Amino acid sequence: MTLNTFNDVSSVLEEELQTLTYLEKLRNRLYTSYYIRKKHGKREINTYIYKKVDEDELQESTDLLYSEIVKIRTYSRDLERVHRKIDSRILDTIKLPSCINGFKKGESIKKAVEPHVGKSYVACLDIHNFFPSVTSDAVLEGLKNIGFGSDAAWLIARLVTYKGHLPQGAVTSPKASNIAFMKVDMKILELAQEYGADYTRYADDLIFSANEPLNSLIDKVIEEIENSGYKINREKVKFYGPSEPHYILGMIANHKLNVPREKRRNLEAAIHNYIVKHQVPQDVEDPVRYKKTLLGKAAYMLSVNPSLGRLAKLRKQLQDFNPEGLEYTKIII
């Protein structure tokens with residue numbers, strides 16, 4: 001699907017053009033920010049403001065401020081609704097290069113890793129602060145490059161960005177980042193083919209593999225990426241040779257796909273502690289929801305390697321386990 005005018009965007013989203021243009025003008029007031037801790041520092045998350053401004057805050061405000069907050073909360077909800085439509089009706093319909101495996105229908109982490117199984121050499125790169133590094137202009141250019149008209153591309157790019165960049169936390173940011181980075185992906189793909197290497201990307205993780213050393217290729221790739229306005233976490237660049245385990249996106253991908261033994265054993269121990277000893281980690285607030293978390297991790301590991309018999313047995317026990325009404329002990333892990 002390609003769109004040309006403001007009215008085309010309005011029509012496909014089934015939203016009044018006046019609503020879209022007003023949200024475009026107001027969008028920088030419709031988010032709020034908070035920080036989450038990372039291993040090295042912190043990450044800023046931008047979320048729709050209505051999710052953080054609650055009724056208690058409204059009750060404590062003056063009449064004038066109350067009216068303003070109610071309006072902003074309402075438009076923030078409207079922006080999220082429009083974002084969901086942009087995501088499913090526009091961004092989801094755009095054909096992407098095969099090297100892109102994240103935020104794309106039918107793709108997965110596993111599919112991003114599979115092309116690199118059995119290769120002698122692997123290299124993994126990580127783009128620093130990926131979403132905040134994607135500018136409104138990059139989204140605009142990406143949409144125009146695939147045939148969108150200037151007006152339609154401008155309106156979509158403005159609606160999905162916050163203060164000139166993709167917000168870390170908006171519905172549309174993952175797929176919009178693929179559109180914006182597609183031009184760089186194609187240049188990297190050309191470089192990889194020149195070196196006889198395979199290339200895949202999952203979100204901000206770039207993976208390369210070949211049967212020859214990859215150092216020269218990676219130097220050129222980093223130069224291309226940084227010349228395009230992005231930054232590589234150079235301390236996170238990883239090279240793996242023929243005699244080493246190839247760790248890619250949490251999997252081991254030498255001769256076949258597998259999960260690291262320590263991670264598998266930790267998950268098995270966590271499931272055992274939960275269903276037998278009724279123990280949960282200290283940071284778990286909802287033991288019932290914790291069951292879903294464990295089931296999700298087990299399903300993921302078994303999708304990578306279905307022959308993990310002990311884990312499969314524990315998952316079956318976990319599926320049958322009813323956590324309602326039990327007392328839980330919190331432990332440090």
Side-chain angles (χ1 to χ4, degrees), residues 39 96-128 130 174 177-178 181 184-222 224-225 232-270 294-312 314-315:
K39 188 174 181 181
L96 299 171
S98 60
C99 60
I100 299 175
N101 297 100
F103 319 128
K104 179 179 170 185
K105 272 188 176 179
E107 303 300 332
S108 63
I109 292 179
K110 185 177 179 181
K111 285 192 175 182
V113 177
E114 284 175 334
H116 309 289
V117 174
K119 299 296 177 61
S120 299
Y121 296 87
V122 167
C124 301
L125 312 181
D126 174 77
I127 301 173
H128 180 67
F130 184 40
S177 72
N178 281 341
F181 200 75
V184 184
D185 277 320
M186 297 310 295
K187 290 180 179 179
I188 294 173
L189 198 54
E190 289 176 11
L191 281 172
Q193 289 169 348
E194 288 176 17
Y195 281 80
D198 285 309
Y199 163 61
T200 59
R201 177 173 64 82
Y202 190 89
D204 56 358
D205 291 294
L206 290 72
I207 308 111
F208 302 83
S209 65
N211 289 320
E212 301 293 335
L214 292 160
N215 303 66
S216 297
L217 168 62
I218 298 308
D219 286 342
K220 289 189 176 182
V221 167
I222 291 175
E224 179 63 48
I225 291 171
I232 293 295
N233 280 322
R234 292 182 180 251
E235 67 275 12
K236 291 186 178 181
V237 176
K238 302 292 183 184
F239 289 95
Y240 302 107
S243 60
E244 302 171 286
H246 295 174
Y247 292 100
I248 308 175
L249 298 178
M251 304 179 199
I252 297 175
N254 288 68
H255 303 295
K256 65 177 183 178
L257 284 183
N258 210 338
V259 292
R261 182 180 300 174
E262 183 179 0
K263 285 189 176 182
R264 173 175 54 81
R265 287 181 173 173
N266 286 344
L267 179 59
E268 290 171 349
L294 293 175
L295 283 171
K297 290 180 178 181
Y300 168 70
M301 288 192 183
L302 288 166
S303 74
V304 175
N305 184 355
S307 65
L308 298 174
R310 173 175 164 77
L311 181 58
L314 282 167
R315 182 180 67 163

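Quantities reported herein were computed from a predicted structural model and do not represent experimental measurements. One-based numbering along the sequence shown.
- Taking 4.5 Å as the limit, some side-chain heavy atom of I252 sits within range of a side-chain heavy atom of P260.
- Within the structure, the side chain to side chain donor-acceptor pair (under 3.5 Å) test picks out the following pairs touching residues 186-203 (sequence neighbours left out): H116-T200, K119-D198, N178-R201, D185-Y199, D185-R201, Y195-K220.
- L302 places a side-chain heavy atom less than 4.5 Å from the side chain of R315.
- Minimum heavy-atom separation, P245 to Y240: O-CD2, 3.3 Å.
- The side-chain heavy atoms of I225 and V184, taken from C-beta on, include a pair separated by under 4.5 Å.
- In terms of the side chain to side chain donor-acceptor pair (under 3.5 Å) criterion, residue partners of D126 (sequence neighbours excluded) are, by chain and number, N233.
- Contact of the S216 side chain with the D219 side chain is not registered, since no non-hydrogen atoms from C-beta on lie closer than 4.5 Å.
- No option in K297, M301, R310 other than M301 meets the side chain to side chain contact (heavy atoms under 4.5 Å, CB included) test with R264.
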Working for side chain to side chain contact (heavy atoms under 4.5 Å, CB included), residues L257 and N305: CA-CA 7 Å; L257 284 183; N305 184 355; over 6 Å; no

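- Nearest heavy atoms, F130 versus A203: CE2-O, 3.8 Å.
- Residue-environment remark: CD (E235) exceeds the threshold of 12 foreign heavy atoms within 6.0 Å.
- For the pair K104 (side chain) and P97 (backbone), a donor-acceptor distance under 3.5 Å is present.
- For K110 (side chain) and S303 (main-chain N/O), a donor-acceptor pair under 3.5 Å exists by modelled atom type.
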Check against ring pair (Phe, Tyr, Trp, His ring centres under 6.0 Å), Y121 and F208: CA-CA 8 Å; Y121 296 87; F208 302 83; over 10 Å; no

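- You'll find the side chain of N258 stays beyond 4.5 Å of the side chain of M251, heavy atoms only.
- In this structure, CD1 in I127 is found 5.5 Å from CD1 in I232, a value given to the nearest 0.5 Å.
- Partners of N254 according to the side chain to side chain donor-acceptor pair (under 3.5 Å) rule, which considers only residues two or more places apart in sequence or in another chain, do not exist here.
- In this structure, K236 NZ and D205 CG are separated by 8.5 Å, a value rounded to the nearest 0.5 Å.
- The structure places NZ of K111 at 11.5 Å from OG of S98, a figure rounded to the nearest 0.5 Å.
- Taking 4.5 Å as the limit, some side-chain heavy atom of L311 sits within range of a side-chain heavy atom of L267.
- Within the 4.5 Å cutoff, the side chain of V122 has heavy atoms near those of the I248 side chain.
- With rounding to the nearest 0.5 angstrom, the OG atom of S120 is 8.0 Å from the CD atom of E212.
- Taken from CD in E244 to NZ in K238, the straight-line distance is 10.5 Å, to the nearest 0.5 Å.
- The closest side-chain heavy-atom distance from I207 to V113 is not below 4.5 Å.
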